[in-house]
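These notes are about the structure you will find just below.
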Number of protein chains: 2
Amino acid sequence: MSSEISDRNRRILEAIIEDYIDSAEPVGSRSVTRRHSLGISPATVRNVMADLEEMGYLSSPHTSAGRVPTGKGFRFYVDSLLRVREFSDSERLRVEQQHNLKGRRLEELLRDAGKTLSAMSHYTGVVLAPRVAETHFRQIDFVKLSNRRILAIFVSDSGQVQNRLIETEEDYSKSELEQISNYLNQSLSGLSIAQAQARLIEEMAKEKDLYNCLLRRAMRLTDVAFSSDDGDHGELFIEGASQMLDQPEFCDVDQMRNLFRAFEQKHKIVDLLDLSQKAQGIQIFIGTETRNNALEGCSLVTSTYSTPQGSLGVLGVIGPMRMPYSQVIPIVDYTARLLSRVLDYKS
Amino acid sequence: MSSEISDRNRRILEAIIEDYIDSAEPVGSRSVTRRHSLGISPATVRNVMADLEEMGYLSSPHTSAGRVPTGKGFRFYVDSLLRVREFSDSERLRVEQQHNLKGRRLEELLRDAGKTLSAMSHYTGVVLAPRVAETHFRQIDFVKLSNRRILAIFVSDSGQVQNRLIETEEDYSKSELEQISNYLNQSLSGLSIAQAQARLIEEMAKEKDLYNCLLRRAMRLTDVAFSSDDGDHGELFIEGASQMLDQPEFCDVDQMRNLFRAFEQKHKIVDLLDLSQKAQGIQIFIGTETRNNALEGCSLVTSTYSTPQGSLGVLGVIGPMRMPYSQVIPIVDYTARLLSRVLDYKS
DNA sequence: CTTTAGCACTCGGGTCCACTGAGTGCTAAC
DNA sequence: GTTAGCACTCAGTGGACCCGAGTGCTAAAG
């Protein structure tokens, strides 16, 4: 009668959830007793199930079907019952083979990490690149495309390359651009973007009276180059979306449509990943915890990864709520560690 | 009896195909006569249909259903019957509004073109960026990430930015890298990548005996930087894939899966688009003409677009074979023209 | 008070069947 | 050559039916 959950009931809940993870179908009292030797009759299980349903851990699709774990049920499972499987050496090897480590661009590495996540988990892999605003300045170059069009190319410490087109009011000569970039490269080296911007404003205030023409013009350029726009959040890579088509819960076309629409609206997923960027390590969002209607039936397992310069990204797996967390968690965890290691080696 | 197709039969075939495009369902003899006043009885239409089926323009899913146009039927329709609809001013406007022209990066422009194609056609938009190998050299920069890691950043005439990570055997100092890039920027300006490579080899042969150390080292770097890898083909953007979920022909999950797998195997689609890059202007691939099993039920309408420097890209729409070509063609055509214009303006 | 056995009940899913309607092919008349 | 008429085909729909997995409840046993 207590609102606490007894030890035996835990075990039953665990059994139900594990059966459901395997079968994707509502599980009944009989099949639980058959598949797990709990020394308990189906009738007892039924009573317990009724209690668990009352408490919100289970729900029944209709009266004569079995029970299905709710989001709350899975949350309890993940928090209290889950024992994460150890990652075997052979699996480590598989990840490392999947993840082609040959020297390549950052973008390729990240995309590859997504593919690895997807291939290993059989769900969808997502990788959020480090936010540019948080990366550290390494070099900036200006390429003059035409009189009033300048391409600003920005290289971060982690090897990310960003470019932005700037339309100017005035002409800039080639040598002037060179001077500007030289100046910036010297004075901003190693700063974060935010710091760089602050530094520039500071400098400008100091020299205001001097009417330092070059500096003023440099400011005008960099102001645009550094201004954040919607491309501000790191790039998001979604790999293996089609894996979701194999999941029985998405055999319905409407559900599928929802999900793929969600994948196309990347900013919503970026927001979610940004959230989990705040906490280090593994994080799990179950069902409605994703705060995204289209992902109601899904869960997201994420982990942060980091470059040696300290800038952070997030990667993870999106799968059905019913995913085998004990297997997915080490996949996400290890891939994040591997990626951090590779990035470290790279720079 | 002639294997030629009579004028009346053409009209009937046209009517059938148009009805099928509207309804997505097999069309019967009666409904043809009802919807088009051809002054002909259903029985006559039946006779004609039988002939057309014999000739391979139509097929019947089963004996008591109507007829469905075959790929050959659509091909004939597109080649001989199609009258392309004029593009109204309001539609022009819609495209231009869709396509946000604000000054931005090439990548964003291309991706936006894909979104526009998708939004206007209600199918999936694809955009292939100009092949890097065919673009013209504008500038190259080397950024030293660590002792043995150098990031080569390459800017093409069209404003495309490519970067590549180079792992070197020997150290390069910062000033040396500057010298090298200065040298390259002067001597290679305006050449295509292929030409640039040839030029370098030529130079090297000339100076071989001189043991020009700088040049030799420059060579070694650029050799890697310019070497083509699988990232060689231009980048492919696929936008609005989820639109396909609304098409009745893909309500079946298996078909859907096939299609999305196809979208994930970008290289196959790149190959196809590369093909259509050879010919200028609009090209149409119907069903099996796409040479891609997963796209059997689909068609692809493409057009080339060009930068003022002459480098070429391709964009288009992938939709069901049953798509309203007379509407899709002007959408693709106009978007390609618009993109070319925007790129011209940009540089 | 908890557990269990037994029983009546529910409900989704599959099968069988008949009916309907859109469509065809063939033949004979115009 | 065209058309009307007719017999035939076949997918799809909806009702009747049963089956089986599952539940809730009750009463007896521990």
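What you see below is based on every heavy atom in this structure, not just the backbone, and it leaves out hydrogens, waters and symmetry mates. Chain letters run A, B, ... following the sequence lines, proteins first and then strands; every chain starts at 1. Being a predicted model, the structure only gives us computed values, none of them experimental.
With hydrogens and angles disregarded, a donor-acceptor distance shorter than 3.5 Å links the side chain of Thr70(A) to the backbone of Tyr57(A). Listed for the Arg46(A) side chain is no donor-acceptor partner under 3.5 Å among the backbone atoms of Ser29(A). Distance alone, capped at 3.5 Å, places no donor-acceptor pair between the Lys268(B) side chain and the Asn292(B) backbone. Judged by distance alone, with hydrogens and angles left aside, the side-chain atoms of Lys266(B) form no donor-acceptor pair with the main-chain N or O of Ile238(B) at under 3.5 Å. Between the side chain of Thr290(A) and the backbone N or O of Gly287(A) there is at least one donor-acceptor pair closer than 3.5 Å.
The distance from the CD1 atom of Ile16(A) to the CD1 atom of Ile21(A) is 12.0 Å, given to the nearest 0.5 Å.
The one candidate from Val328(B), Ile331(B), Ile318(B) that meets the side-chain contact (heavy atoms from CB on, under 4.5 Å) condition with Tyr123(B) is Val328(B).
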- Task: Do nucleotides 6-25 of chain C as a string where each nucleotide becomes B, S or -: B if the base has a protein heavy atom under 4.0 Å, S if just the sugar-phosphate does, - if no protein is that close.
- Result: B---BBS---------BSBB
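For DNA chain D, no neighbouring residue in residues 7-19 of chain A is found when judged by any heavy atom under 4.0 Å.
When the C1' atom of dG30(D) is taken as reference, atom CD1 of Ile40(A) falls 15 Å away, rounded to whole Å. Distance Asp51(A) CG to dC25(D) P: 12 Å, rounded to the nearest Å.
Contacts of Arg291(B) classified as salt bridge (charged side-chain N to carboxylate O under 4.0 Å, His left out), with partners at least two apart in sequence or in another chain: none.
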